[in-house]
Every structure is written in structure tokens, then in C-alpha cells.
K.L.:
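The structure under discussion is supplied below as C-alpha cells; questions concerning it will follow.
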Amino acid sequence: MGMGLVKLVVWVSWLAMAVGAEYVKYKDPKQPVAARIKDLMSKMTLAEKIGQMAQIDRSVATEQILRDYSVGSVLSGGGSEPLPEAKAEDWINMVNAFQNGSLSSRLGIPMIYGIDAIHGHNNVYSATIFPHNVGLGATGDPELVKKIGAATALEVRATGIPYVFAPCIAVCRDPRWGRCYESYSEDHKVVEQMTDIILGLQGDPPTSRKGVPYVGGKGKVAACAKHFVGDGGTTGGINENNTVIDMHGLLSMYMPAYSQSIIKGVSTVMVSYSSWNGQKMHANRELISGFLKNTLKFKGFVISDWQGIDRITSPPHANYTYSVQAAIQAGIDMVMVPFNLTEFVDDLTYLVDSKVILMDRIDDAVQRILQVKFTMGLFETPMADFSLVNELGSQAHRDLAREAVRKSLVLLKNGKPGSTPLLPLPKKASKILVAGTHADNLGYQCGGWTINWQGFNGNNSTRGTTILGAIKSSVERSTEIVFRESPDANFVKSNKFDYAIVVVGEPPYAETAGDSTNLTMIDPGPSAINNVCGTVKCVVVIISGRPIVIEPYVSAIDALVAAWLPGTEGQGVTDVLYGDYRFSGKLPRTWFKTVDQLPMNVGDSHYDPLFPLGFGLKTESGASIVSRSTSSATPRRPGLFIFMITVTLSFYITG
């Protein structure tokens, strides 16, 4: 057969296929999103719609399940990974395998893979771990936080994942809460500012698209504002407990950050485990459908928390059919099941067939889910590739994290009364002591939600630089460094140390495991402070997710630094200790004297802090000039939505 004849046969075959191929509107990217959604939904069965409303954990997901049930989403729970120390390519291969299952379903609707990336891509080995939110709140720098969002998006996309359960925009009003480090501040204005991280994660929406979900391409991810609403205000700081506050208080303290997030185009909102005045948020139709969707005009999808609908009943999962009914009727669109898929599907199918849940509610949920999927281009590029793998843990991102660390550090004390300031420290010294449980422990330095849900202990679970490692690279080569985690007093006295750096604090924790009634540092932290600071000039660095009991030791300490949970880039700590950069951070939270004062926030009648909100001493880089600043941590621009909330409140109450 001649070449001309071959070309003719190929052309005729292509023409026959083209003529025979049915045009499918929802697969046409030239069509408006609304038209694509309408076309796709007209073709979907009830089973396919309910499948889209389910999110399951990767541990129970298979290609066949995704195909047969048309599952809308898969997630990695905390620490859920394809294999230990998985590389970016391993994550991509896993996500693409699941996606193949979804694309082989009858309508080929792609699933959306989600993961907790709350201080960097924190489940993934070698990812850059940024400071937790409490530290970012101390920076007072929304532009920096936006850059961190953009860097996190690239690292998440580097592993083939397009959706993150971040940011947490809780306003933590009691440090006894185990999630307080996930909150930027006790001041809702600071939290509002920090919603700029959404613009980093998702991209800047065009002016014409303000207020609707937006994801700007393959280097960006869908974000999730959480946990709606009032999660940081529970009684006693008890996780998942009850927030007692009137509607005015709820709207003025906890709602403004959601208003800001919606303006900035956030794609999804996650509901809180907690209750508001005794009613479970996962079953609160007034706030989810009434306020979030109808009043604030949120157009993305609302997702439950992990087994969140199960916890509508006490004990959890006691009446799952009721939980499904209450959650879906409240306005939850996607349920993080995450294991019992068939039970969820069967119960929701029964409730629709029985006309307990109306088809309109199902269609609203599915339309919102598809809106996000179409908007972010998931139908056009459902499969991930390896083009961004070098973004994971890149030096540029580590440099950004290092900048965030140094800007987050708050100098609480610098020199005893009548003495010269201790900081910045000299890099050249004869012999220095480094002590404490947290000086050489990367896991402690990163905190919870790092590699594992509850974090890790030691230096082997990911890559980074401990504070001890940073000290070694900062001082002159001639300076002798002695490290003892818990030195006794005689050892300290028998050595002529020029100065000591003592690094102590909390162990890693997440969620309820972090709830604390005493807020003390772990042993032997107190003895390390007493044994060292009683003998040699010392700077104490506190590694913690919140203010902890420090008042009994302050008088013995020469310099005191709140370093929060700085993440993998320990050099950010030494950058300011040694004066390469100045201290500039301000307390995003009130530092109490005793736990008996709690809860205590700025403006309370009993406000008598050890250090007030907004406190932070400053040093000039490379010099010992110190200026004291006790100004409040006020936002750099007013919250744009305060007025709207006030107006909304008046309509809400009167109408």
C-alpha cells in the first residue's frame, strides 16, 4: 500500500470517528461553567449524585470503588501516605491511579484529592514545614502569609494533589484548647488579615470574580476555610465542645474571617465538630444554609470534618441515618465519611427515596461540588504530571520559611533590671552551653500535624535544621559548643560558659490530645532553666503552640523568646538570636500569669497578663539597642466586612 493510500485510510477513519462521536457539552471547556454543570447534572443518576457527595480515605479507596460509586473525593487523613518517606512521584502515581478509576466511570467525573496542608505540605517527607499559624499571627505580615500559601500550593501540586484543608481561621479565645496553635490570634482582626493565605493558595481572583470560588491554574490548589464556626470559643477550651455566645457575639468575633475568605474566593468551607449554644454545628441549618450560603452568598461547597456527621449523636454513630439526614438538611454538601462509604450511600439513598431529603437539596450539593471542579480545571487536567516535583522542599521555600521563623519570634525579655541587654548574642565566644529538650529535636520544633497527625519525636522523620544545628552553623568556628539536654547545676558551675541557650517547651500534639488544664512545659524543662540560669547568663527559647506557664522562672532568666512552633528551618531562630536580623514579632495572644486567670483576652475586666496582646521587644540587627513596644497587634488595614456584618445582623434580627 502506497503512502498516499495510507494517509487516505487514516483520514477517512478519523472522519468517521469524528462524525460518529457525540458532542458532550460538559466536556467542552469553551462552554460557560453553568452550562457545563447543567448538562452534566441532566445526565446523572441519583446514585452518581450521591457518590459525588462522598469523600473517602485513601486507605479504603480502590479504582473499582471510585468507578462504581462515582466517588467525589478521596483524602489522606493525618499521616496517611502511600508508603513511608514517599517521594513526590509516589504520591502522584497513587493519586493518578485513583483518578483513573474515576475517569473510567460512566460519566468520567474526576475525583478531587484533598489533604491537610496546614503549615506547609506537612504529611510529606522532605516538604518545607512552615511555622504553625500562631507564629504567623505574630509576624503581623499578611503579604508573607500569602507567599507561604503560594509556596504550599506548589509543594502540594508537586505531589499531584489539588485540594487542601486549610486555612484554619479559628479565633482561639482560650489557650487550653489543643488546636490553639492552628489559630492566628485571639484578635479576630489579625485572623481576618491572615485570610490572605487563601490568595496565595488559590491565586488572586479577577475583580469580576470576587466572592465566587476561584483556583488559578495548575500551580494553585482549592482552599478550605475551617472550622465553621466558633471552634475557638468553646467552654474551657475543650476541643469539640460548646461555644456559648449570642448571635451578635458570634457575628462580630467568629464570622468576619469567613466573610473575608468568601470575598477572596475560597472554594470550600469545613464545618466544626463543636456546638453553638448546645446545637451541633454539623446539624445547624440556620448557620450553614441560612447564614453561610444565603446571607454571605457562599457559592463553593461545604464539607464535613472527619466523621463529623457521626458525632451529631452521642455516642457517635449511634443513629447514622439520622446523622446523614441532619447533616445534609443542614446544608453540608460533601461528607468526609471517610470509611463507611456503602452505609452513607445506602442511608442517603433511602432518605431521598423516602422523600425525607428533597432532590433539590441533593442537586444544590452536587452543583456546588461540580462548580469547584469545573472552575479549577479538573475536567481539563484531571491527571497530575511530574513537572513540579522539584518544588517539594525547594531551597526557595525553605528560605521563605526561615524568613517566617525570624519574623515570628517574640522577644519577651532582654536583660535583668539594671543590666545590659543579652541579645543579640556574640558569635565569637570561648565556650557556650546549649541545653533543653527542644534544642535538638526536629519533631518537637515542628509540633503536631507534621508527618503524623500527632507529630513526631526526634530528627529522623523528615529533613530540616534543628536549633542546635543552626547554632553550630551560626557561631564562629573557634567557639566551643557544649550540648546537654538536662545539665545538672554542678556541671554548669564547673564549666566557664560565656552564655547559655536553653530551649524548652511543649511536646507535639493535635486536637483533643493537646487540650491542657495546666499548660506546663515538659520535664526536665524547669530544672534545665533553674540549673542553667542560676549560674550563667542565659536566653530561654520557648517552643510551644501557645502561652505556657513561665512566670515562676522569668526573674531568673536574662532573655526570653517565644518561638512558637517554627517548623523545619531552625536557622530562623539563630538569625535573630545572633543579630543578623532584628526581633520584630508581637504577641498574637495574651500571655497569662497563671492558668487560674483563663480564659483571659484583651478587653476583659480581669485582664492582668504577664505580657499583653501585641507585646514584643525589638532589637536592632547587629546591635544592642533595644526599644520596647507594647502597642496592640492591630491590623494594617481595617476589616472590609465589619460594616457588612453589622448591617447583616440588623437584617437578620429584624427580618
K.L.:
Between Asp440 and Lys472, is there a side-chain N and carboxylate O pair less than 4.0 Å apart?
P.N.:
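Salt bridge between Asp440 and Lys472, a charged N being under 4.0 Å from a carboxylate O: no.
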K.L.:
Report the C-alpha separation of His397 and Lys147 in whole Å, then their side-chain angles, then the decisive distance to 0.1 Å, and conclude whether the side chain to side chain contact (heavy atoms under 4.5 Å, CB included) test is met.
P.N.:
CA-CA 9 Å; His397 295 165; Lys147 290 177 183 175; over 6 Å; no
K.L.:
For Asn490, does its backbone N or O pair with a side-chain atom of Asp488 as donor and acceptor, under 3.5 Å?
P.N.:
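Flag set: sc Asp488 to bb Asn490 pair under 3.5 Å.
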K.L.:
If you round to the nearest 0.5 Å, how far is CG of Leu144 from CE of Met194?
P.N.:
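Here the rounded value is 8.0 Å.
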K.L.:
Do any N or O atoms from the side chain of Glu192 and from the backbone of Pro256 form a donor-acceptor pair under 3.5 angstrom?
P.N.:
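Answer holds: no.
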K.L.:
Out of curiosity, Cys168 SG to Trp449 CH2, how far, rounded to the nearest 0.5 Å?
P.N.:
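Here the interatomic distance stands at 10.5 Å.
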K.L.:
One thing to verify: whether Arg398 and Glu569 come together as a salt bridge, which I'm taking to mean a side-chain N less than 4.0 angstrom from a carboxylate O.
P.N.:
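Salt bridge flag = yes for Arg398 with Glu569.
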K.L.:
Work out which heavy atom in Gly545 is nearest to a heavy atom in Val134; give both atom names and the distance.
P.N.:
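The pair with the smallest heavy-atom distance is O-CG1, 3.7 Å.
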K.L.:
Check His121 against Glu155 and note the closest heavy-atom contact, atom names and distance.
P.N.:
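Scanning both residues completely, I find the closest heavy atoms to be CD2-O, 3.3 Å.
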K.L.:
Got a donor-acceptor contact below 3.5 angstrom from the His606 side chain to the Pro599 backbone?
P.N.:
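Yes, the answer is positive, given that a donor and an acceptor are paired below the 3.5 Å cut-off.
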K.L.:
Begin from the C-alpha positions of Lys226 and Asp116 and carry the test side chain to side chain contact (heavy atoms under 4.5 Å, CB included) through to its verdict.
P.N.:
CA-CA 11 Å; Lys226 66 183 189 181; Asp116 286 285; 3.3 Å; yes
K.L.:
Asn241 side chain to Gly237 main-chain N or O, any donor-acceptor pair under 3.5 Å?
P.N.:
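No.
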K.L.:
Using a 4.5 Å cut-off on heavy atoms from C-beta on, say whether the side chain of Leu519 contacts that of Arg176.
P.N.:
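Sidechains of Leu519 and Arg176: in contact.
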K.L.:
Is Arg179 paired with Asp231 through a side-chain N to carboxylate O contact shorter than 4.0 Å?
P.N.:
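No, no charged N to carboxylate O under 4.0 Å.
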K.L.:
Is atom NZ of Lys431 surrounded by more than 12 heavy atoms (other residues, nucleotides or ligands) closer than 6.0 Å?
P.N.:
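Check passes, neighbour count above 12.
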K.L.:
Shortest non-hydrogen contact from Pro566 to Val405?
P.N.:
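Distance-wise, the nearest heavy atoms are O-CG2, 3.3 Å.
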K.L.:
Under a plain distance cut-off of 3.5 Å, with no hydrogens placed, do Asn441 and Asn457 share a side-chain donor-acceptor pair?
P.N.:
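Present: a donor and an acceptor within the cut-off.
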K.L.:
Parallel, tilted or perpendicular for Phe611 and Trp591, by the 30°/60° rule?
P.N.:
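Perpendicular.
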K.L.:
Check step by step if ring-ring contact (aromatic ring centres under 6.0 Å, His included) holds for Phe583 and Tyr581.
P.N.:
CA-CA 7 Å; Phe583 278 90; Tyr581 294 84; over 10 Å; no
K.L.:
Consider side-chain contact (heavy atoms from CB on, under 4.5 Å). Of Thr139, Val541, Asp575, Val561, which one does Leu409 pass it with?
P.N.:
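Passing option: Val561.
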K.L.:
Please check: side-chain N/O of Asn239 versus main-chain N/O of Glu511, any donor-acceptor pairing under 3.5 Å?
P.N.:
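Answer holds: no.
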K.L.:
Apply side chain to side chain donor-acceptor pair (under 3.5 Å) to Arg463 and Ser126, showing your working.
P.N.:
CA-CA 5 Å; Arg463 291 195 305 115; Ser126 285; 3.0 Å; yes
K.L.:
Kindly compute the distance separating NE2 (His119) from OG1 (Thr152), expressed to the nearest 0.5 Å.
P.N.:
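The NE2 atom of His119 sits 10.0 Å away from the OG1 atom of Thr152.
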K.L.:
Is there a side-chain contact between Tyr125 and Thr462 in this structure, where contact means two heavy atoms from C-beta onward sitting under 4.5 Å apart?
P.N.:
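Result yes, sub-4.5 Å side-chain heavy-atom pair found.
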K.L.:
Tell me yes or no: between the side chains of Glu551 and Thr594, is some donor less than 3.5 Å from an acceptor?
P.N.:
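On atom types as modelled, these side chains do not qualify, holding no pair under 3.5 Å.
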K.L.:
With a 4.5 Å limit on heavy-atom distance, are the side chains of Phe615 and Pro609 in contact?
P.N.:
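Counting from C-beta outward, Phe615 and Pro609 never come under 4.5 Å.
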K.L.:
I'd like to know if the side chain of Lys413 reaches the main chain of Val554, judged simply by a donor and an acceptor atom lying under 3.5 Å from each other, with no hydrogens or angles considered.
P.N.:
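Checking the backbone N and O of Val554 against the side chain of Lys413, a donor-acceptor pair under 3.5 Å is found.
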K.L.:
Is any side-chain heavy atom of Asp580 less than 4.5 Å from a side-chain heavy atom of Lys427?
P.N.:
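Yes - at least one pair of side-chain heavy atoms lies under 4.5 Å apart.
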K.L.:
Could you check if a side-chain atom of Ile161 sits within less than 4.5 angstrom of a side-chain atom of Trp91, using non-hydrogen atoms only?
P.N.:
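Touching, per the 4.5 Å side-chain cut-off.
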K.L.:
Using distance alone, with no hydrogens and no angle criterion, decide if Thr195 and Lys264 have a side-chain donor and acceptor under 3.5 Å apart.
P.N.:
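A pair is found: one side chain offers a donor N or O, the other an acceptor, under 3.5 Å apart.
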K.L.:
Would you mind checking if Asp204 and Lys146 are paired as a salt bridge, meaning a charged N to carboxylate O distance below 4.0 Å?
P.N.:
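Salt bridge flag = yes for Asp204 with Lys146.
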K.L.:
Donor-acceptor pair, distance only, cut-off 3.5 Å: does the side chain of Ser474 make one with the backbone of Thr574?
P.N.:
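No; zero donor-acceptor contacts below 3.5 Å.
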K.L.:
Would you name the heavy atoms of Lys416 and Cys533 that are closest together and state the gap between them?
P.N.:
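Scanning both residues, the minimum pair turns out to be NZ-O, 4.4 Å.
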K.L.:
Rounded at 0.5 Å granularity, tell me how far CZ in Arg546 sits from SG in Cys172.
P.N.:
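Those atoms lie 8.5 Å apart.
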K.L.:
Counting C-beta onward and ignoring hydrogens, is there a side-chain heavy-atom pair between Val221 and Arg157 closer than 4.5 Å?
P.N.:
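Heavy-atom side-chain distance check passes, below 4.5 Å.
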K.L.:
Quick one: which of Ile522, Ile467, Val502 gives a side-chain contact (heavy atoms from CB on, under 4.5 Å) with His438?
P.N.:
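The single option meeting the side-chain contact (heavy atoms from CB on, under 4.5 Å) with His438 is Ile522.
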K.L.:
Roughly how far, to the nearest 0.5 Å, is the CZ atom of Phe592 from the CD1 atom of Ile550?
P.N.:
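Ile550 atom CD1 to Phe592 atom CZ measures 10.0 Å (nearest 0.5 Å).
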K.L.:
Do you know which two heavy atoms are closest between Gly140 and Pro142, and how far apart they sit?
P.N.:
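It is O-CD, 3.4 Å.
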K.L.:
Give, for atom CG of Asp498 and atom NZ of Lys428, the distance between the pair rounded to the nearest 0.5 Å.
P.N.:
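NZ of Lys428 is found 11.5 Å from CG of Asp498.
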K.L.:
Side chain to side chain contact (heavy atoms under 4.5 Å, CB included), that's the test. Do Asn123 and Glu81 meet it? Break it down for me.
P.N.:
CA-CA 7 Å; Asn123 277 291; Glu81 57 189 351; over 6 Å; no
K.L.:
Between the side chain of Tyr553 and the main-chain N/O of Ile529, is any donor-acceptor distance below 3.5 Å?
P.N.:
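Such a contact is absent between Tyr553 side chain and Ile529 backbone.
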K.L.:
Check the pair Ser473, Gln571 against side chain to side chain donor-acceptor pair (under 3.5 Å), reporting the backbone distance first and the verdict last.
P.N.:
CA-CA 8 Å; Ser473 64; Gln571 306 101 310; 5.9 Å; no
K.L.:
Before giving the answer on side chain to side chain donor-acceptor pair (under 3.5 Å), spell out for Thr466 and Gln445 the whole-Å C-alpha distance, their side-chain angles and the decisive distance to 0.1 Å.
P.N.:
CA-CA 7 Å; Thr466 66; Gln445 195 173 296; 5.2 Å; no
K.L.:
Ignoring hydrogens and geometry, is there a side-chain-to-backbone donor-acceptor pair from Tyr184 to Gln193 under 3.5 Å?
P.N.:
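Not confirmed, Tyr184 side chain does not pair with Gln193 backbone.
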K.L.:
Let's go through Tyr444 and Thr437 carefully: what are the C-alpha distance in whole Å and the side-chain angles of both, what is the deciding distance for side chain to side chain donor-acceptor pair (under 3.5 Å) to 0.1 Å, and is it a yes or a no?
P.N.:
CA-CA 8 Å; Tyr444 282 13; Thr437 46; over 6 Å; no
K.L.:
What are the two closest heavy atoms between Asn531 and Pro487, and how far apart are they?
P.N.:
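Scanning both residues, the minimum pair turns out to be ND2-O, 3.1 Å.
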K.L.:
Quick one, Val475 with Tyr578, criterion side chain to side chain contact (heavy atoms under 4.5 Å, CB included). Give me CA distance, side-chain angles, the key distance, then yes/no.
P.N.:
CA-CA 8 Å; Val475 299; Tyr578 285 101; 3.3 Å; yes
K.L.:
Determine yes or no for a side-chain-to-main-chain donor-acceptor pair under 3.5 angstrom, with Asn133 supplying the side chain and Glu182 the backbone.
P.N.:
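Yes, the answer is positive, given that a donor and an acceptor are paired below the 3.5 Å cut-off.
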K.L.:
Can you find a pair of side-chain heavy atoms, one from Leu577 and one from Leu423, that are under 4.5 Å apart?
P.N.:
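Answer yes - side chains close enough.
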K.L.:
State, with a plain yes or no, whether a side-chain heavy atom of Val595 is found less than 4.5 Å away from one of Asn518.
P.N.:
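They are not in side-chain contact.
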